[in-house]
> 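Just dropping this structure here.
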Amino acid sequence: MHDRGAGGAAARARSIVARFGVTASPMEERLRRFDELTAEFGVRPSWAVTACILDRNRRAMQRFAERGVDFAIHGLVHDDHSLRSLDEQRASIARAAEVFRAAGVPYRGFRCPFLRGNQATDQVVRDLGMLYHSTQPVVFNTAPALGARAEEAFRRTLRHLYSGAMDADTVAVRPALRAGVIHIPVALPDDEIMVDRLRLDQARQTAVWLATLDATWRRGELFTVQLHPERMDECAAALAATLGEARARRPAVWIATLERIAEWWRRRARTLLEVMPLEDGRYRVRMEGDPAATLLVRGLPGVDAEPWYGADGVARAAEFEVAVNRKPVVGVSARTPSAVLGFLAEEGFPAERGEDPARFGAWVDVDAAANEKQVLAIVEASTGPLVRLSRWPAGARSALSVTGDIDSMTIQDFALRLWETRR
């Protein structure tokens, strides 16, 4: 296993020479293969491109944009935004946006180089009117696929390069709407870790990504694949296997660009799900909003629903009445932090304060130390009655997006990076 250091730097230098040429032709060929492989599965990728690279390769990026590739800004240059002030980032990201507009390459989102940003990054992305920000890394437990030795090296890499990564076992891995911007997490291990740090062969790469796909599908979450196009040759088999398995899953995996996922999450936030008490222990449930929204039901006898996953079904009607002995919402105790109510709302659960667990289809009573997965586990353990606005459109169980960052097209680009970041 390999970390950074003298040996790691030498190995990285050799890999750069092997992957890039003195012209952009070798990288353009890898981009073409990336585009063609995803197209075989009916998938469009999302590529975050450093603006200086876009400026030097306008025609190539325009061609891929015309083919439906979703582009995002990856900084003006490939520098660490977590070290930059608000004013520095406002100037550099605004300049990057100007480069994209001048090149005629549309963009709706942003991803920080090195997956590292700060609160100033969030503010600039919001102030510039971008739809999404996809920078937050989330670590999945792939220890069985990695093996003990590789897992140890993986954890060292995380401490060294991704100290701000979140644990997929403690957070809900899905988009989050914050101050008007959709924040979309990025899954680790990614290609850079698997190939350059851990030296995994294609079979083990495939095992890692399939394990991540399975975890997100079982939990109804989002798998944001990160594959830098320069490693397309090393990771093509793993990507193809992952997309093939995703297409075969039922309930379905919704595969979409970051832009489409962010657009959906915004539309979903505008969809109303309400539970209104009537007389004689009856309730009216009504969902109103996006036509792709899915209404899930659990423990509601007599409601016309199609079996979906576990105890949940998909209601065939967007509005109905039901007689049950408990209100089909989540009750939340007085001591539970208010943030939990907001979290449950974004999860799609109607929720309200209440101290009597017998009144509700599920009841949450936690303190500030509880994490998101612990809250969800309480609700998921309930037999209902419950209703929920599903996370994903058209009855999908989970979601997947294929992404990649482009920060160099030639060997010269790497040489320029040190100079560009110091200007």
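Residue numbers count from 1 along this sequence. Model, not experiment: these values are computed from the prediction.
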> Mind checking what makes side-chain hydrogen bond (donor to acceptor under 3.5 Å, both in side chains) contact with E319, not counting sequence neighbours?
none
> Is the backbone N or O of A145 less than 3.5 Å from a side-chain atom of T142, with the two atoms forming a donor-acceptor pair by type?
no
> Regarding R231 and E234, does a basic nitrogen lie under 4.0 Å from an acidic carboxylate oxygen?
no
> Would you sort out whether R218 and D214 count as a salt bridge (Lys or Arg N to Asp or Glu O under 4.0 Å), showing the intermediate values?
CA-CA 6 Å; R218 285 186 289 103; D214 186 64; 2.9 Å; yes
> So which atom in D55 and which in V99 form the shortest heavy-atom distance, rounded to 0.1 Å?
CB-CG1, 3.8 Å
> Indicate yes or no: at least one non-hydrogen side-chain atom of L200 is less than 4.5 angstrom from one of L146.
yes
> Before accepting this row, confirm whether a basic side-chain N of the pair E66/R63 lies closer than 4.0 Å to the acidic partner's carboxylate O.
no
> Strictly by salt bridge (Lys or Arg N to Asp or Glu O under 4.0 Å), give each pair with a member in residues 293-302 just once, sequence neighbours left out.
R298-D312, R298-E380
> At their closest point, which heavy atom of V387 faces which heavy atom of L273, and how far apart are they?
CG2-CD2, 4.2 Å
> Would you indicate whether E36, at its atom CD, is surrounded by more than 12 heavy atoms from other residues, nucleotides or ligands within a distance under 6.0 Å?
yes
> Is any side-chain N of the basic residue among D196 and R19 closer than 4.0 Å to the acidic one's carboxylate O?
yes
> Scan residues 329-349 for pairs that pass ring-ring contact (aromatic ring centres under 6.0 Å, His included), counting only residues two or more places apart or in two chains.
none
> Determine whether a donor-acceptor pair (N or O, by modelled atom type, separation under 3.5 Å) exists between the side chain of T294 and the backbone of P393.
no
> Can you sort out the partners of H228 under ring pair (Phe, Tyr, Trp, His ring centres under 6.0 Å), two or more places apart, ordered by chain and number?
none
> Strictly by ring-ring contact (aromatic ring centres under 6.0 Å, His included), give each pair with a member in residues 124-157 just once, sequence neighbours left out.
F110-H133, H133-H183
> Could you tell me which non-hydrogen atom of M27 sits nearest to which non-hydrogen atom of S408, and how far apart they are?
CE-O, 3.8 Å
> I need the full list of salt bridge (Lys or Arg N to Asp or Glu O under 4.0 Å) pairs touching residues 396-405, with sequence neighbours left out, sorted by first then second residue.
R111-D405
> Between S46 and D70, is any side-chain donor less than 3.5 angstrom from a side-chain acceptor?
yes
> Please answer whether the main-chain N or O of V366 pairs with a side-chain N or O of T336 as donor and acceptor at a distance below 3.5 Å.
yes
> What I'd like to find out is whether the side chain of D35 reaches to under 4.5 Å of the side chain of R30, using heavy atoms alone.
no
> Between D79 and R84, is there a salt bridge with N-O shorter than 4.0 Å?
yes
> Tell me the ring-ring contact (aromatic ring centres under 6.0 Å, His included) pairs involving residues 380-400, sequence neighbours left out?
W265-W392
> Is there a donor-acceptor pair closer than 3.5 Å between any side-chain N or O of T50 and the backbone N or O of C52?
no
> Does S382 use its side chain to pair, donor to acceptor, with the backbone of I378 at less than 3.5 Å?
no
> Do N118 and Q89 get their side chains close enough for a donor-acceptor pair, meaning under 3.5 Å?
yes
> Give the minimum heavy-atom separation between R391 and G220, together with the two atoms involved.
NH1-O, 2.8 Å
> Check the pair E151 / R155 against salt bridge (Lys or Arg N to Asp or Glu O under 4.0 Å), numbers first and verdict last.
CA-CA 6 Å; E151 174 68 13; R155 295 296 162 178; 2.7 Å; yes
> Would you say the side chain of S390 lies within less than 4.5 Å of the side chain of L295, judging by non-hydrogen atoms?
no
> Regarding S333 and D365, is there a side-chain donor-to-acceptor distance under 3.5 Å anywhere?
yes
> For the atom pair SG (C235) and CG (D191), what is the distance rounded to the nearest 0.5 Å?
5.0 Å
> Do S82 and D80 have side-chain atoms, one donor and one acceptor, less than 3.5 Å apart?
yes
> I'd like to know if the side chain of K327 reaches the main chain of F360, judged simply by a donor and an acceptor atom lying under 3.5 Å from each other, with no hydrogens or angles considered.
no
> Between atom OG1 of T271 and atom CD of E288, what is the distance when rounded to the nearest 0.5 Å?
9.0 Å
> Can you tell me if R268 uses its side chain to pair, donor with acceptor, with the backbone of L389 under 3.5 Å?
yes
> State whether the side chain of Q62 and the backbone N or O of A103 hold a donor-acceptor pair below 3.5 Å, judged by distance alone.
yes
> Identify the two heavy atoms, one from P113 and one from V77, that lie closest to each other, and give their separation to 0.1 Å.
CG-O, 3.9 Å
> Give every residue pair that meets the side-chain hydrogen bond (donor to acceptor under 3.5 Å, both in side chains) criterion with at least one member in residues 250-261, sequence neighbours excluded.
R108-E259
> Decide if the gap between the ring center of H78 and the ring center of F114 is smaller than 6.0 angstrom.
yes
> For F100, enumerate each residue passing the ring pair (Phe, Tyr, Trp, His ring centres under 6.0 Å) test, keeping only those at least two apart in sequence or located in another chain.
Y107
> If you take all heavy atoms of E372 and A172, which pair is closest and at what distance?
OE1-N, 2.8 Å
> Examine distances only and state if a side-chain atom of E321 and a backbone atom of Y283 form a donor-acceptor pair shorter than 3.5 Å.
no
> Going by the rule salt bridge (charged side-chain N to carboxylate O under 4.0 Å, His left out), which residues pair with R326 if we only count those two or more places apart in sequence or in a different chain?
none
> Less than 3.5 Å apart, which donor and acceptor atoms pair up between the side chains of residues 236-247 and the rest of the protein, not counting sequence neighbours?
from	atom 1	to	atom 2	distance (Å)
T242	OG1	A238	O	2.8
E245	OE2	R249	NE	2.6
E245	OE2	R249	NH2	3.2
R247	NE	F41	O	2.9
R247	NH2	F41	O	2.8
R247	NH2	G42	O	3.2

> Taking it one step at a time, do E346 and R174 satisfy salt bridge (Lys or Arg N to Asp or Glu O under 4.0 Å)?
CA-CA 10 Å; E346 192 159 20; R174 43 81 167 163; 3.5 Å; yes
> State whether a side-chain donor-acceptor pair under 3.5 Å links T403 with Q226.
yes
> Listing request: all ring-ring contact (aromatic ring centres under 6.0 Å, His included) pairs with a residue in residues 288-340, at least two apart in sequence or in separate chains.
W217-Y309
> When you measure from the side chain of D280 to the backbone N and O of R282, does any donor-acceptor pair fall under 3.5 Å?
no
> How far apart are the C-alpha atoms of E98 and R95, what are their side-chain angles, what is the distance that settles it, and do they pass the salt bridge (Lys or Arg N to Asp or Glu O under 4.0 Å) test?
CA-CA 5 Å; E98 291 174 3; R95 174 60 186 141; 3.3 Å; yes
> Between R204 and D201 (salt bridge meaning N to carboxylate O under 4.0 Å), is one present in this structure?
no
> Measure the spacing between CZ of R126 and OG1 of T121 and express it to the nearest 0.5 Å.
11.0 Å
> Is any NZ, NE, NH1 or NH2 atom of the basic residue among E352 and R359 found under 4.0 Å from an Asp or Glu carboxylate oxygen of the other?
yes
